[in-house]
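Notes follow once the structure below has been shown.
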Amino acid sequence: QVQLVESGGGSVQAGGSLRLSCAASGYTGSTRYFGWFRQSPGKEREGVAVIRRSNGATYYADSVKGRFTISQDNAKVTLFLQMNSLTPDDTAMYYCAARAYGVDFPMSDIFEKGNYNAWGQGTQVSVSS
């Protein structure tokens, strides 16, 4: 079982930056993917960025490409999300997620939240204009 704990959220002005972290504990040996999702009030949870744990391949939602960077530490148990050029549209609760077990899935489903079976509690990001 994998446990995920996020940190690093906060309030910033538009144009600012934040760095989120997610510490994974428990058995991570079967984890194929780590990802960041976000959810704002009244909206569905959406995928933001995903990293394939084995080779570091990264995937981004169109809305954050060029502004956000997902990475992992050398031990592959801490996940990061560097967020630059933030806008009010980025305001949301950000969740760390893991594909902790299970077979691989098509890349077209990389942001399907149902493919992730471990979730953190979330960290709030608020961007003011």
Not counting sequence neighbours, which residues clear side-chain hydrogen bond (donor to acceptor under 3.5 Å, both in side chains) with Thr31? List them please. none
Does NZ or CZ of Arg53 lie under 6.0 Å from the centre of the six-membered ring of Tyr33, at an angle within 45° of the ring axis? no
Under 4.5 Å between any side-chain heavy atoms of Gln72 and Phe80, yes or no? no
Are the side chain of Glu6 and the backbone N or O of Gly122 linked by a donor-acceptor pair below 3.5 Å? yes
One pair to check against salt bridge (Lys or Arg N to Asp or Glu O under 4.0 Å): Asp89 and Arg38. What are the steps and the verdict? CA-CA 11 Å; Asp89 287 342; Arg38 66 186 182 187; over 6 Å; no
Taking the six-membered ring where the residue is Trp, are the ring centres of Tyr59 and Phe111 under 6.0 Å apart? no
Does some side-chain heavy atom of Tyr27 sit less than 4.5 Å from a side-chain heavy atom of Gln1? no
Checking Lys76 now: which residues fulfil side-chain hydrogen bond (donor to acceptor under 3.5 Å, both in side chains) with it, not counting sequence neighbours? none
Val5 with Tyr95, same ILVMFWY side-chain cluster at under 4.5 Å: no
Quick one: side chain to side chain contact (heavy atoms under 4.5 Å, CB included) partners of Asn117, sequence neighbours excluded? Arg99, Ala100, Tyr101
Using salt bridge (Lys or Arg N to Asp or Glu O under 4.0 Å) as the criterion, list what pairs up with Arg19, not counting sequence neighbours. none
Find out whether Phe37 and Glu46 are in side-chain contact, i.e. whether some heavy atom of one side chain is under 4.5 Å from a heavy atom of the other. no
Check side-chain hydrogen bond (donor to acceptor under 3.5 Å, both in side chains) between Ser17 and all other residues, then give those that pass, not counting sequence neighbours. Asn84
Remaining members of Leu81's ILVMFWY cluster at a side-chain heavy-atom cut-off under 4.5 Å? Val2, Leu4, Val12, Leu18, Leu20, Phe34, Trp36, Val48, Ile51, Tyr60, Val64, Phe68, Ile70, Leu79, Met83, Leu86, Tyr94, Val125, Val127
